[in-house]
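Quick notes on the structure that follows.
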Protein chains: 2
Amino acid sequence: MSTANTGVRAVLPSPVPSDEYEQCPVTDVARRLGDKWTLLVLVLLGQRPYRFNELHRTIDGLSQRMLTRTLRTLETDGLVDREVFPTLPPTVEYRLTPLGTTLLGPISALADWAVAHHADLTAARERAAGDRRPQTDSDPTATAAREVRRTP
Amino acid sequence: MSTANTGVRAVLPSPVPSDEYEQCPVTDVARRLGDKWTLLVLVLLGQRPYRFNELHRTIDGLSQRMLTRTLRTLETDGLVDREVFPTLPPTVEYRLTPLGTTLLGPISALADWAVAHHADLTAARERAAGDRRPQTDSDPTATAAREVRRTP
DNA sequence: CTGTATCCTGAATGATACTG
DNA sequence: CAGTATCATTCAGGATACAG
(Lines give C-alpha, C1' and ligand atoms only; values in the text may rest on other atoms or scores of the structure.)
Protein backbone atom coordinates (compact mmCIF):
# COMPACT_ATOMS: atom_id res chain seq x y z
CA MET A 1 0.00 0.00 0.00
CA SER A 2 0.92 3.47 0.74
CA THR A 3 2.99 5.83 -1.27
CA ALA A 4 0.02 7.13 -3.19
CA ASN A 5 0.08 10.35 -1.22
CA THR A 6 0.38 12.33 -4.36
CA GLY A 7 -2.92 13.95 -3.66
CA VAL A 8 -2.03 14.78 -0.11
CA ARG A 9 1.11 16.56 -1.12
CA ALA A 10 -0.66 18.32 -3.94
CA VAL A 11 -2.93 20.21 -1.60
CA LEU A 12 -0.32 21.22 0.94
CA PRO A 13 1.31 24.48 -0.01
CA SER A 14 3.79 25.15 2.76
CA PRO A 15 1.90 27.95 4.43
CA VAL A 16 -1.31 25.97 4.70
CA PRO A 17 -4.38 27.66 3.18
CA SER A 18 -5.24 30.82 5.08
CA ASP A 19 -8.30 31.07 7.29
CA GLU A 20 -10.26 30.22 4.17
CA TYR A 21 -9.48 26.61 4.98
CA GLU A 22 -12.58 25.56 3.15
CA GLN A 23 -10.57 26.16 0.03
CA CYS A 24 -8.82 22.87 0.70
CA PRO A 25 -10.74 20.28 -1.29
CA VAL A 26 -9.68 17.49 1.00
CA THR A 27 -10.88 19.15 4.18
CA ASP A 28 -14.01 20.20 2.39
CA VAL A 29 -14.87 16.63 1.46
CA ALA A 30 -13.81 15.24 4.81
CA ARG A 31 -16.08 17.63 6.67
CA ARG A 32 -19.08 16.47 4.69
CA LEU A 33 -18.33 12.80 5.13
CA GLY A 34 -17.65 13.50 8.77
CA ASP A 35 -21.14 14.64 9.61
CA LYS A 36 -23.44 12.28 11.37
CA TRP A 37 -25.35 10.67 8.50
CA THR A 38 -23.83 11.41 5.09
CA LEU A 39 -21.54 8.41 5.02
CA LEU A 40 -24.34 6.05 5.96
CA VAL A 41 -26.65 7.45 3.31
CA LEU A 42 -23.99 7.32 0.63
CA VAL A 43 -23.18 3.71 1.37
CA LEU A 44 -26.83 2.68 1.27
CA LEU A 45 -27.42 4.52 -2.00
CA GLY A 46 -24.28 2.82 -3.25
CA GLN A 47 -26.15 -0.46 -3.16
CA ARG A 48 -29.41 0.62 -4.82
CA PRO A 49 -31.81 3.55 -5.08
CA TYR A 50 -33.86 4.26 -1.98
CA ARG A 51 -37.03 6.15 -1.29
CA PHE A 52 -37.14 8.78 1.43
CA ASN A 53 -38.95 6.80 4.04
CA GLU A 54 -37.02 3.73 3.17
CA LEU A 55 -33.84 5.52 4.19
CA HIS A 56 -35.64 6.92 7.19
CA ARG A 57 -36.68 3.49 8.35
CA THR A 58 -33.36 1.86 7.55
CA ILE A 59 -31.15 4.29 9.39
CA ASP A 60 -32.09 4.07 13.00
CA GLY A 61 -32.04 7.34 14.89
CA LEU A 62 -32.04 9.56 11.84
CA SER A 63 -34.69 12.28 12.03
CA GLN A 64 -36.73 13.46 9.06
CA ARG A 65 -35.17 16.84 9.36
CA MET A 66 -31.62 15.57 9.18
CA LEU A 67 -32.39 13.11 6.42
CA THR A 68 -33.81 15.90 4.30
CA ARG A 69 -30.86 18.11 5.10
CA THR A 70 -28.35 15.38 4.31
CA LEU A 71 -30.00 14.48 1.03
CA ARG A 72 -30.28 18.13 -0.04
CA THR A 73 -26.61 18.68 0.59
CA LEU A 74 -25.68 15.56 -1.34
CA GLU A 75 -27.91 16.74 -4.14
CA THR A 76 -26.37 20.19 -4.11
CA ASP A 77 -22.94 18.62 -4.31
CA GLY A 78 -24.03 16.61 -7.32
CA LEU A 79 -23.50 13.31 -5.57
CA VAL A 80 -27.12 12.23 -5.42
CA ASP A 81 -30.03 12.49 -7.82
CA ARG A 82 -33.60 13.07 -6.69
CA GLU A 83 -36.46 11.78 -8.80
CA VAL A 84 -40.07 12.59 -8.02
CA PHE A 85 -42.88 10.34 -9.22
CA PRO A 86 -46.24 12.06 -9.54
CA THR A 87 -48.10 9.49 -7.49
CA LEU A 88 -50.53 9.95 -4.64
CA PRO A 89 -49.08 10.25 -2.14
CA PRO A 90 -45.83 11.39 -3.73
CA THR A 91 -42.94 9.02 -4.21
CA VAL A 92 -39.36 10.23 -4.29
CA GLU A 93 -36.39 8.14 -5.17
CA TYR A 94 -32.77 8.93 -4.46
CA ARG A 95 -29.81 7.41 -6.25
CA LEU A 96 -26.12 8.10 -6.63
CA THR A 97 -25.02 10.16 -9.59
CA PRO A 98 -22.02 8.93 -11.56
CA LEU A 99 -19.94 11.40 -9.56
CA GLY A 100 -21.36 10.04 -6.35
CA THR A 101 -20.50 6.53 -7.42
CA THR A 102 -16.85 7.46 -7.84
CA LEU A 103 -16.80 8.40 -4.17
CA LEU A 104 -17.47 4.80 -3.18
CA GLY A 105 -13.89 3.88 -3.92
CA PRO A 106 -12.24 6.25 -1.45
CA ILE A 107 -14.99 5.55 1.05
CA SER A 108 -14.23 1.87 0.80
CA ALA A 109 -10.56 2.51 1.43
CA LEU A 110 -11.48 4.38 4.57
CA ALA A 111 -14.01 1.74 5.55
CA ASP A 112 -11.51 -1.04 5.12
CA TRP A 113 -9.01 0.78 7.27
CA ALA A 114 -11.61 1.50 9.93
CA VAL A 115 -12.72 -2.12 10.08
CA ALA A 116 -9.14 -3.38 10.13
CA HIS A 117 -7.92 -1.03 12.83
CA HIS A 118 -10.95 -0.28 14.95
CA ALA A 119 -9.69 -2.68 17.59
CA ASP A 120 -6.41 -0.77 17.72
CA LEU A 121 -8.23 2.50 18.19
CA THR A 122 -10.39 1.10 20.95
CA ALA A 123 -7.38 -0.43 22.66
CA ALA A 124 -5.46 2.83 22.46
CA ARG A 125 -8.36 4.74 23.93
CA GLU A 126 -8.77 2.34 26.82
CA ARG A 127 -5.07 2.42 27.47
CA ALA A 128 -5.14 6.22 27.47
CA ALA A 129 -8.09 6.23 29.85
CA GLY A 130 -6.30 3.85 32.18
CA ASP A 131 -3.04 5.78 32.05
CA ARG A 132 -4.70 8.64 33.82
CA ARG A 133 -4.42 6.82 37.16
CA PRO A 134 -1.36 4.57 37.11
CA GLN A 135 0.94 3.49 39.99
CA THR A 136 3.89 3.66 37.62
CA ASP A 137 5.58 6.57 39.42
CA SER A 138 9.09 6.36 38.04
CA ASP A 139 12.09 7.09 40.23
CA PRO A 140 12.28 10.89 40.58
CA THR A 141 16.09 10.73 40.88
CA ALA A 142 16.18 9.50 37.29
CA THR A 143 14.28 12.57 36.14
CA ALA A 144 17.45 14.58 35.52
CA ALA A 145 17.65 16.10 32.08
CA ARG A 146 19.56 13.84 29.73
CA GLU A 147 19.90 16.51 27.18
CA VAL A 148 19.44 20.23 27.34
CA ARG A 149 19.44 21.71 23.93
CA ARG A 150 18.49 25.27 23.37
CA THR A 151 15.47 25.84 21.19
CA PRO A 152 16.23 28.37 18.45
CA MET B 1 -10.95 1.02 -9.27
CA SER B 2 -14.06 0.35 -7.47
CA THR B 3 -15.37 -2.98 -6.28
CA ALA B 4 -13.31 -2.94 -3.14
CA ASN B 5 -16.37 -2.10 -1.11
CA THR B 6 -15.91 -5.17 1.01
CA GLY B 7 -15.40 -3.01 4.02
CA VAL B 8 -18.46 -0.93 3.34
CA ARG B 9 -20.71 -3.93 3.12
CA ALA B 10 -19.12 -5.51 6.15
CA VAL B 11 -20.35 -2.78 8.45
CA LEU B 12 -23.86 -2.53 7.13
CA PRO B 13 -26.20 -4.90 8.94
CA SER B 14 -29.58 -4.30 7.39
CA PRO B 15 -31.15 -2.48 10.30
CA VAL B 16 -28.29 -0.03 10.57
CA PRO B 17 -26.67 0.19 14.03
CA SER B 18 -29.11 1.50 16.59
CA ASP B 19 -28.80 4.94 18.10
CA GLU B 20 -25.37 3.83 19.28
CA TYR B 21 -24.19 4.76 15.83
CA GLU B 22 -20.73 5.35 17.20
CA GLN B 23 -20.42 1.58 17.16
CA CYS B 24 -19.84 1.84 13.44
CA PRO B 25 -16.08 1.95 12.98
CA VAL B 26 -16.38 3.73 9.69
CA THR B 27 -18.53 6.55 10.98
CA ASP B 28 -16.34 6.76 14.04
CA VAL B 29 -13.22 7.32 11.95
CA ALA B 30 -14.97 9.63 9.51
CA ARG B 31 -16.17 11.89 12.30
CA ARG B 32 -12.65 12.34 13.60
CA LEU B 33 -11.21 13.08 10.20
CA GLY B 34 -14.14 15.36 9.59
CA ASP B 35 -13.33 17.80 12.33
CA LYS B 36 -11.71 21.05 11.42
CA TRP B 37 -8.01 20.30 11.88
CA THR B 38 -7.28 16.60 12.31
CA LEU B 39 -6.79 15.85 8.65
CA LEU B 40 -4.41 18.76 8.20
CA VAL B 41 -2.34 17.76 11.22
CA LEU B 42 -2.20 14.13 10.14
CA VAL B 43 -1.01 15.01 6.68
CA LEU B 44 1.71 17.31 8.00
CA LEU B 45 2.91 14.71 10.48
CA GLY B 46 2.86 12.24 7.63
CA GLN B 47 5.74 14.15 6.10
CA ARG B 48 7.95 14.52 9.18
CA PRO B 49 7.76 15.10 12.93
CA TYR B 50 6.68 18.55 14.01
CA ARG B 51 6.97 20.54 17.19
CA PHE B 52 3.93 22.14 18.74
CA ASN B 53 4.54 25.69 17.67
CA GLU B 54 5.74 24.55 14.32
CA LEU B 55 2.31 23.09 13.65
CA HIS B 56 0.75 26.17 15.14
CA ARG B 57 2.63 28.43 12.79
CA THR B 58 2.17 26.21 9.77
CA ILE B 59 -1.58 25.80 10.01
CA ASP B 60 -3.04 29.23 9.61
CA GLY B 61 -6.08 29.96 11.74
CA LEU B 62 -5.56 27.10 14.15
CA SER B 63 -5.73 28.22 17.77
CA GLN B 64 -3.47 26.86 20.50
CA ARG B 65 -6.46 25.42 22.22
CA MET B 66 -7.67 23.48 19.20
CA LEU B 67 -4.19 22.30 18.31
CA THR B 68 -3.77 20.87 21.78
CA ARG B 69 -7.18 19.26 21.65
CA THR B 70 -6.56 17.79 18.22
CA LEU B 71 -3.18 16.39 19.17
CA ARG B 72 -4.49 14.93 22.42
CA THR B 73 -7.25 13.14 20.60
CA LEU B 74 -4.84 11.77 18.03
CA GLU B 75 -2.60 10.63 20.86
CA THR B 76 -5.50 8.99 22.66
CA ASP B 77 -6.40 7.15 19.48
CA GLY B 78 -2.87 5.89 19.16
CA LEU B 79 -2.29 7.69 15.89
CA VAL B 80 0.30 10.17 17.10
CA ASP B 81 3.19 9.95 19.53
CA ARG B 82 4.23 12.80 21.77
CA GLU B 83 7.83 13.11 22.88
CA VAL B 84 8.95 15.67 25.43
CA PHE B 85 12.56 16.84 25.52
CA PRO B 86 13.66 18.24 28.87
CA THR B 87 15.03 21.45 27.46
CA LEU B 88 14.50 24.98 28.60
CA PRO B 89 12.06 26.03 27.49
CA PRO B 90 10.47 22.63 26.88
CA THR B 91 10.46 21.08 23.45
CA VAL B 92 7.74 18.66 22.38
CA GLU B 93 7.78 16.69 19.21
CA TYR B 94 4.83 14.96 17.58
CA ARG B 95 5.10 12.17 15.07
CA LEU B 96 2.84 9.55 13.56
CA THR B 97 2.76 6.13 15.18
CA PRO B 98 2.95 3.09 12.90
CA LEU B 99 -0.84 2.89 13.20
CA GLY B 100 -1.14 6.53 12.25
CA THR B 101 1.05 5.95 9.25
CA THR B 102 -1.30 3.28 7.94
CA LEU B 103 -4.02 5.90 7.85
CA LEU B 104 -2.15 7.87 5.21
CA GLY B 105 -3.19 5.38 2.57
CA PRO B 106 -6.97 5.82 2.93
CA ILE B 107 -6.48 9.54 3.44
CA SER B 108 -4.60 9.71 0.17
CA ALA B 109 -7.40 7.92 -1.59
CA LEU B 110 -9.82 10.50 -0.29
CA ALA B 111 -7.43 13.33 -1.06
CA ASP B 112 -6.94 12.13 -4.61
CA TRP B 113 -10.67 11.96 -5.12
CA ALA B 114 -11.17 15.40 -3.62
CA VAL B 115 -8.53 16.95 -5.82
CA ALA B 116 -9.81 15.19 -8.90
CA HIS B 117 -13.46 16.10 -8.39
CA HIS B 118 -13.41 19.35 -6.49
CA ALA B 119 -14.25 21.22 -9.65
CA ASP B 120 -17.30 19.00 -10.12
CA LEU B 121 -18.47 19.70 -6.59
CA THR B 122 -18.02 23.42 -7.03
CA ALA B 123 -19.81 23.36 -10.34
CA ALA B 124 -22.69 21.37 -8.91
CA ARG B 125 -23.03 23.79 -6.02
CA GLU B 126 -23.06 26.82 -8.26
CA ARG B 127 -25.57 25.17 -10.53
CA ALA B 128 -27.76 24.39 -7.53
CA ALA B 129 -27.47 27.95 -6.31
CA GLY B 130 -28.42 29.29 -9.73
CA ASP B 131 -31.32 26.89 -10.13
CA ARG B 132 -33.11 28.65 -7.34
CA ARG B 133 -33.98 31.52 -9.69
CA PRO B 134 -34.32 30.24 -13.26
CA GLN B 135 -36.51 31.42 -16.13
CA THR B 136 -36.89 27.83 -17.24
CA ASP B 137 -40.59 27.63 -16.43
CA SER B 138 -41.58 24.57 -18.43
CA ASP B 139 -44.95 24.42 -20.22
CA PRO B 140 -47.60 23.92 -17.52
CA THR B 141 -49.78 21.95 -19.96
CA ALA B 142 -47.11 19.27 -19.94
CA THR B 143 -47.27 18.94 -16.19
CA ALA B 144 -49.93 16.21 -16.33
CA ALA B 145 -49.01 13.06 -14.46
CA ARG B 146 -47.46 10.55 -16.79
CA GLU B 147 -47.77 7.74 -14.36
CA VAL B 148 -49.73 7.35 -11.19
CA ARG B 149 -48.70 4.30 -9.35
CA ARG B 150 -49.97 3.58 -5.91
CA THR B 151 -47.36 3.42 -3.15
CA PRO B 152 -47.68 0.17 -1.20
C1' DC C 1 -45.39 9.75 1.72
C1' DT C 2 -42.33 13.58 1.65
C1' DG C 3 -41.31 17.03 3.31
C1' DT C 4 -41.18 22.27 6.00
C1' DA C 5 -41.27 25.30 10.15
C1' DT C 6 -39.89 26.15 14.97
C1' DC C 7 -37.74 25.68 19.00
C1' DC C 8 -34.08 23.97 21.88
C1' DT C 9 -29.75 21.77 23.67
C1' DG C 10 -25.06 20.29 23.61
C1' DA C 11 -20.82 20.09 21.26
C1' DA C 12 -17.28 22.30 18.45
C1' DT C 13 -14.62 26.15 17.81
C1' DG C 14 -12.61 30.65 18.72
C1' DA C 15 -10.69 34.64 21.70
C1' DT C 16 -8.18 35.89 25.42
C1' DA C 17 -5.47 35.66 29.40
C1' DC C 18 -2.44 33.19 32.33
C1' DT C 19 1.45 29.47 33.73
C1' DG C 20 5.62 26.36 34.25
C1' DC D 1 7.98 26.87 24.10
C1' DA D 2 4.00 24.40 25.22
C1' DG D 3 0.47 24.41 27.10
C1' DT D 4 -4.20 25.31 30.63
C1' DA D 5 -8.34 27.98 32.07
C1' DT D 6 -12.45 30.69 30.96
C1' DC D 7 -15.74 32.72 28.48
C1' DA D 8 -18.42 33.66 24.26
C1' DT D 9 -20.27 32.22 19.91
C1' DT D 10 -21.87 29.29 16.45
C1' DC D 11 -23.86 25.45 14.59
C1' DA D 12 -25.05 20.60 14.03
C1' DG D 13 -28.50 17.93 15.38
C1' DG D 14 -32.90 16.39 17.78
C1' DA D 15 -38.01 16.96 19.05
C1' DT D 16 -42.24 18.24 17.67
C1' DA D 17 -45.91 19.97 15.04
C1' DC D 18 -47.81 20.95 10.74
C1' DA D 19 -48.57 20.76 5.32
C1' DG D 20 -49.13 19.44 0.28
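Letters go in sequence order (proteins before strands), and every chain restarts at 1.
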Ignoring hydrogens and angles, tell me if any N or O in the side chain of B:T76 forms a donor-acceptor pair with the backbone of A:R125 under 3.5 Å. no
Please give, in whole Å, the distance from C:dA11 P to A:K36 NZ? 11 Å
Indicate whether OP1 or OP2 belonging to C:dT13 is found under 4.0 Å from a side-chain N or O atom of A:R31. yes
Check for a donor-acceptor pair, side chain of A:E54 on one end and backbone N or O of A:R51 on the other, with a separation under 3.5 Å. yes
Treating A:D35 as the side-chain partner and A:T38 as the backbone partner, does any N or O pair qualify as donor plus acceptor under 3.5 Å? yes
In whole angstroms, the gap separating C1' of C:dC1 from CG of A:L55 amounts to 13 Å
Quick one: does A:E83's side chain get under 4.5 Å of A:R95's, heavy atoms only? yes
What's the OH-P distance between B:Y50 and D:dC1, to the nearest Å? 16 Å
Spacing between A:F85 atom CZ and C:dC1 atom C1', to the nearest angstrom: 14 Å
Heavy-atom donor-acceptor pair, B:R31 side chain to A:G34 backbone, under 3.5 Å: yes
B:F52 has a side chain; which of C:dT13, C:dT4, D:dA2 sits nearest to it? D:dA2
Check whether any side-chain N or O of B:Y94 sits under 4.0 Å from OP1 or OP2 of D:dG3, and answer yes or no. yes
Looking at A:T87, is its backbone amide N or carbonyl O close enough to the side chain of A:T91 to form a donor-acceptor pair, meaning the two atoms are under 3.5 Å apart? no
Return no unless some side-chain N or O of A:R69 is found under 4.0 Å from OP1 or OP2 of D:dG13. no
Without decimals, in angstroms, what is the distance between A:R72 CZ and C:dT2 C1'? 9 Å
Could you state the CG-P distance from A:L71 to D:dG13, rounded to the nearest angstrom? 14 Å
Could you tell me whether the side chain of B:H56 and the main chain of B:L62 form a donor-acceptor pair under 3.5 Å? yes
Where along nucleotides 15-20 of chain C does protein come under 4.0 Å, by heavy atom, of base (B) or sugar-phosphate alone (S), with - for untouched nucleotides? B-B--B
Take the protein atom CE of B:M66 and the nucleotide atom C1' of D:dC11, then report the distance between them rounded to whole Å. 14 Å
How long is the line joining CG of B:L40 and C1' of C:dT13, in whole Å? 15 Å
From the options D:dG14, C:dG3, D:dA12, select the nucleotide whose nearest atom is closest to the side chain of A:W37. D:dG14
